[in-house]
Amino acid sequence: MKKRIHQLTAGQFDAMFPDEDACKIYLVNHRWPDGVACPRCGNVDVSPHALAFHWQCTACAEKGGYRFSV
């Protein structure tokens with residue numbers, strides 16, 4: 001896992017996160033270092049949703065579905 005960022009200058013931030021996807025990748029890697037898991041039930045068997053950085057929990061789907069994103 002990469003080092004967690006605590007404080008950056010505006011220039012450092014812009015260099016590290018040139019677009020939204022770079023920021024989302026950072027957030028995914030730090031929230032789920034062992035792979036994406038459902039924030040509601042902890043299930044690791046999640047399916048990618050139609051939108052990038054969105055998933056659906058297969059276990060919660062039986063209870064009406066649960067979609068989540070970064």
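- Atom CZ of Phe68 sits about 10.5 Å away from atom CZ of Arg40, to the nearest 0.5 Å.
- In this structure, Leu27 CG and Phe17 CZ are separated by 7.0 Å, a value rounded to the nearest 0.5 Å.
- Contact record, Ser69 with Trp32: O-CH2, 4.2 Å, taken as the closest heavy-atom pair.
- Side-chain contact between Cys38 and Trp55 is absent, with no heavy-atom pair separated by less than 4.5 Å.
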Output side-chain donor-acceptor pairs under 3.5 Å for residues 44-54, partner residues at least two apart or in another chain, one line each.
| from | atom 1 | to | atom 2 | distance (Å) |
| --- | --- | --- | --- | --- |
| Asp45 | OD2 | Thr58 | OG1 | 3.3 |
| His49 | NE2 | Arg67 | NE | 3.2 |
| His49 | NE2 | Arg67 | NH1 | 3.3 |
| His54 | ND1 | Ala52 | O | 2.9 |

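- Nearest heavy atom pair, residue Leu8 against residue Phe13, reads CD1-CA, 3.8 Å.
- Ala37 and Gly42 get closest at one heavy-atom pair: CB-O, 3.9 Å.
- The salt bridge (Lys or Arg N to Asp or Glu O under 4.0 Å) contacts involving residues 17-33 comprise Glu20-Lys24, where partners must be two or more places apart or lie in separate chains.
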